[in-house]
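To keep things clear, I will list the structure first and then write my remarks on it.
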Amino acid sequence: IAARTETWFEPTFGEGTTSGYDHVVLVGKGSDKAQRMTPVEEQMLDDHWSFDEIYEGSRLASAVKLVKEMDGMTVYIPDRIVDDCP
């Protein structure tokens, strides 16, 4: 919930990790400033990606809070999972 004023609070739907499909790979300057991976994030990566598609810098984009020290970091976006097959 976000407090907009002293009397107005707004639900923040969609914030945080909700699926494993937002896989990114953080590398380079500032990538070490990302918070530690939570067990939930790790499980979602394992559930949605094969072991050979997960790298040292693999994270879920929705779980990474950007900070100023990450300026200059490189973020790779792996190919999308084929999820439209029956």
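The first residue of the sequence shown is numbered 1, and numbering continues consecutively from there.
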Quick check: are there more than 12 heavy atoms from other residues, nucleotides or ligands sitting under 6.0 Å from CG of D47? yes

Do any N or O atoms from the side chain of Q43 and from the backbone of V40 form a donor-acceptor pair under 3.5 angstrom? no

Assess the residue pair V25 and E56 against the criterion (side chain to side chain contact (heavy atoms under 4.5 Å, CB included)); give the C-alpha distance rounded to whole Å, side-chain angles, the decisive distance to 0.1 Å, and a yes or no. CA-CA 8 Å; V25 182; E56 183 178 334; over 6 Å; no

Measure from the side-chain N and O atoms of W49 to the backbone N and O of G20, and report whether any donor-acceptor pair falls under 3.5 Å. yes

Quick one: which of M37, E41, E42 gives a side chain to side chain contact (heavy atoms under 4.5 Å, CB included) with L60? E41

Taking the side chain as everything from C-beta on, heavy atoms only, tell me whether V75 gets closer than 4.5 Å to M73. yes

Check: A34 main-chain N/O paired with R59 side-chain donor or acceptor under 3.5 Å: no

Nearest 0.5 Å, what's the OG-CG distance between S58 and D46? 10.0 Å

Angle between ring planes, H23 versus Y55, binned at 30° and 60°: parallel, tilted or perpendicular? parallel

Would V24 and Y76 count as a side chain to side chain contact (heavy atoms under 4.5 Å, CB included) if you check the C-alpha gap in whole Å, the side-chain angles of each, and the deciding distance to 0.1 Å? CA-CA 6 Å; V24 294; Y76 292 102; over 6 Å; no

Does any part of the side chain of V64, heavy atoms only, come nearer than 4.5 Å to the side chain of M70, both counted from C-beta? yes

Between L26 and I77, is there shared hydrophobic-cluster membership here, with clusters defined by ILVMFWY side-chain heavy atoms closer than 4.5 Å? yes

Give a yes or no on whether Q35 atom CD has more than 12 heavy-atom contacts from other residues, nucleotides or ligands under 6.0 Å away. no

